[in-house]
Amino acid sequence: MKKVCILFVIIGLIITESKAQNTMYYMDRLPQIQQYNPALIPKVKSYFGLPGIGTEQVEINNSGFNLGQFLDFQNSIGEANYNPDEFINSVGGINKTKLETRSNLLALGFQPGKQDYLSMGLSIRNFADMVAPSKILYLTEDFESIADRLPLSINEINVQTNTFSQFSVTYARTFWEKVNIGISPKLVGALGGINTKKLDLEISQNDDYENNSEYEDEYIADYSGEVQIGLPMAINPDAIGDNGELIPEEDILDPDWVKNTLKNPLFKNTSLLFDIGVQYQLNSSWSFSASILDIGKTSWKKYAYEIYFNDQDESAYVKELSAFKVKVPSKLYIGSSYNINPNWSAGFLFRDVMYDSQSYASATISLNGYIGSMLSTSVSYTYGYSFDNLGLGLRLRFFPGMDLYMVTDNILQAFNYKKVQYTTVALGMNISFGVRKKHFKTEQEESLQ
């Protein structure tokens with residue numbers, strides 16, 4: 001059953017290690033807008049993000065079912081008169097799951113001159129992308145609950161996960177009084193990654209189990225394909241035999257791997273990512289912007305492995321790789337904004353997230369503005385993953401210099417967790433000082449020159 005454990009590790013990483021906020025893009029008193037376009041200069045003269053509470057961001061998208069439907073399936077499978085095939089068939093032949101998270105450990109920014117802005121940040125980011133037959137949902141329960149569905153074949157399981165630390169330096173500057181250009185080089189340290197290649201699984205009952213129950217497993221899981229992994233540390237040497245075979249009785253990682261990982265440097269297997277962006281102020285009413293984010297890959301030069309399966313002896317083998325790379329999903333943002341009056345504007349934003357398996361496009365319209373100096377807000381509607389994505393963003397200055405904020409692209413699902421199928425949430429607190437004046441000249445100011 002060692003091979004089953006390997007698959008459960010893969011699925012577990014996807015579920016437990018699960019950002020995007022179209023609604024936040026035009027909330028210009030939040031310095032986090034530079035995460036979406038490094039050319040956007042926030043309207044605060046300086047800021048500081050506290051570790052742990054500076055920013056927490058999550059994006060979840062599942063193509064076939066919401067959380068409530070999945071919980072009902074788990075609670076009912078194995079019960080008499082329940083047909084799990086109805087739920088599996090309703091999902092469709094293929095299910096796609098995508099997750100992204102960002103946790104900021106430290107962030108700060110300031111205005112070194114009238115025309116520029118400099119910020120830095122340290123964060124932990126994670127991506128997961130799984131495209132697999134919907135029958136893989138059977139594996140979330142024990143095999144006894146699906147014994148009447150065996151043998152079960154699940155083919156073409158495509159999984160990619162990527163967890164890394166990131167230190168970014170973002171610089172934006174205004175040129176010719178109308179154009180902002182921003183760039184953000186990012187040093188990343190690869191922590192954990194998985195990439196499967198044509199992974200197939202067949203589960204069947206063992207006909208010899210009743211006669212040899214002490215030595216045989218009740219169920220047999222046969223794998224084919226390859227799994228490439230990058231780890232924060234070496235595989236437990238006790239888990240690998242002389243010929244590279246995985247030993248089922250041993251843990252693949254040292255029992256104290258969590259504690260040891262926390263002691264290790266965040267930047268061990270390093271590489272570079274880049275963000276670039278531009279903003280153009282056509283006149284006092286219209287502005288246009290675009291950015292490309294996360295250009296590059298994470299890379300393991302140490303602790304990279306390939307797990308492959310031998311059909312003849314039904315064993316899994318490990319070999320060390322000299323290098324292993326995982327692409328970070330790139331993002332494209334294109335936006336335009338119209339100033340209704342000094343306090344309110346209307347915005348349009350197109351976003352495309354490019355995973356290896358598929359790109360995910362969405363479009364957002366929003367109304368953005370200020371209610372006094374204490375509150376700024378954005379109300380939005382996003383078309384893309386579903387039709388009920390009403391967004392809301394709030395930034396509240398609840399104490400001098402302290403801004404508490406919460407932003408979501410789908411307020412309805414954010415407060416009804418059982419309906420969650422696609423949702424984004426960002427929340428945190430900034431310590432910020434000063435409000436920048438508009439850095440682009442108005443038409444009236446230009447006419448006076």
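Note that this is a predicted model, so its numbers are computed, not measured. Below, all heavy atoms of this structure are taken into account, side chains as well, without hydrogens, waters or symmetry copies.
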Quick one: do the Asn410 and Tyr381 side chains pair a donor with an acceptor below 3.5 Å? no

Could you check whether any side-chain heavy atom of Met27 comes within less than 4.5 Å of a side-chain heavy atom of Val407, counting everything from C-beta outward? yes

Considering residues at least two apart in sequence or located in another chain, which fulfil the side-chain hydrogen bond (donor to acceptor under 3.5 Å, both in side chains) criterion with Asn89? none

Looking at every non-hydrogen atom in both residues, tell me the closest pair between Asn162 and Trp300 and how far apart they are. OD1-CH2, 3.9 Å

Find out whether Arg29 and Tyr370 are in side-chain contact, i.e. whether some heavy atom of one side chain is under 4.5 Å from a heavy atom of the other. yes

All heavy atoms of Leu231 vs all of Asn269, minimum pair found to be O-ND2, 4.4 Å

Nearest heavy-atom contact between Ser362 and Asn22 is OG-ND2, 3.2 Å

Does any donor atom in the side chain of Asp409 or Thr23 lie under 3.5 Å from an acceptor atom in the other side chain? yes

May I ask you to check whether Tyr26 and Ser380 show a side-chain donor-acceptor distance below 3.5 Å? no

Can Asn180 and Thr174 be said to form a side-chain hydrogen bond (donor to acceptor under 3.5 Å, both in side chains), step by step? CA-CA 4 Å; Asn180 280 359; Thr174 304; 2.6 Å; yes

Indicate whether any N or O donor in one side chain lies under 3.5 Å from an N or O acceptor in the other, for Ser134 and Asn95. no

Would you say Met130 and Lys96 make side-chain contact, with heavy atoms under 4.5 Å? no

Test item: side-chain donor near acceptor, Asn104 and Gln32, under 3.5 Å: no

Taking the six-membered ring of Tyr117, is the NZ or CZ of Arg173 close enough (under 6.0 Å from the centre) and on axis enough (within 45°)? no

Regarding Asp403 and Arg397, does a basic nitrogen lie under 4.0 Å from an acidic carboxylate oxygen? yes

Using a 3.5 Å distance criterion without hydrogens, assess whether the side chain of Asp200 forms a donor-acceptor pair with backbone atoms of Ile157. no

Please confirm whether Tyr47 and Phe433 have ring centers closer than 6.0 angstrom. no

So, Gln34 side chain and Leu40 main chain: donor-acceptor pair closer than 3.5 Å or not? yes

Do Ser376 and Arg395 pair up side chain to side chain, a donor and an acceptor below 3.5 Å, judged on atom types alone? yes

Verify whether the ring centers belonging to Phe70 and Phe65 lie closer than 6.0 Å. yes

Heavy-atom side-chain contact between Met24 and Tyr405 under 4.5 Å: yes

Ignoring hydrogens, what is the shortest heavy-atom contact between Gly49 and Asn430? Give both atom names and the distance. CA-OD1, 4.5 Å

Checking side-chain hydrogen bond (donor to acceptor under 3.5 Å, both in side chains) for the pair Asp352/Tyr360: CA distance, chi angles, key distance, verdict? CA-CA 5 Å; Asp352 194 13; Tyr360 297 82; over 6 Å; no

Would you mind reporting whether Tyr303 and Glu320 have side-chain heavy atoms less than 4.5 Å apart? no

Return yes if some donor-acceptor pair links the side-chain N/O of Thr408 with the main-chain N/O of Thr424 below 3.5 Å, else return no. yes

Side chains of Ser299 and Ser271: do they bring a donor and an acceptor to under 3.5 Å? no

State whether a side-chain donor-acceptor pair under 3.5 Å links Thr97 with Asn62. yes

Any chance you could lay out the salt bridge (charged side-chain N to carboxylate O under 4.0 Å, His left out) test for Lys135 and Glu156, step after step, and finish with the verdict? CA-CA 11 Å; Lys135 291 186 291 185; Glu156 296 289 336; over 6 Å; no

Go through the steps for Leu272 and Phe274 under the test side-chain contact (heavy atoms from CB on, under 4.5 Å), then give the verdict. CA-CA 7 Å; Leu272 287 175; Phe274 288 92; 4.1 Å; yes

Are the side chain of Asn75 and the backbone of Asp72 linked by a donor-acceptor contact shorter than 3.5 Å? no

Heavy-atom pair of closest approach, residues Lys98 and Tyr355: CD-CE1, 2.8 Å

Return the orientation label for the Phe164 and Phe127 ring planes: parallel under 30°, perpendicular over 60°, tilted otherwise. parallel

Determine which pairs satisfy salt bridge (charged side-chain N to carboxylate O under 4.0 Å, His left out) with at least one residue from residues 287-299, sequence neighbours left out, and list them in order. Arg125-Asp294, Lys186-Asp294, Asp294-Lys331

Test item: side-chain donor near acceptor, Gln279 and Asn37, under 3.5 Å: no

Side chains of Ile194 and Gln160: does their closest heavy-atom pair fall under 4.5 Å? no

Spell out, as yes or no, whether a donor-acceptor pair under 3.5 Å connects the side chain of Thr298 to the backbone of Val326. yes

How about Ser366 and Asn368: does a side-chain donor come under 3.5 Å of a side-chain acceptor? yes

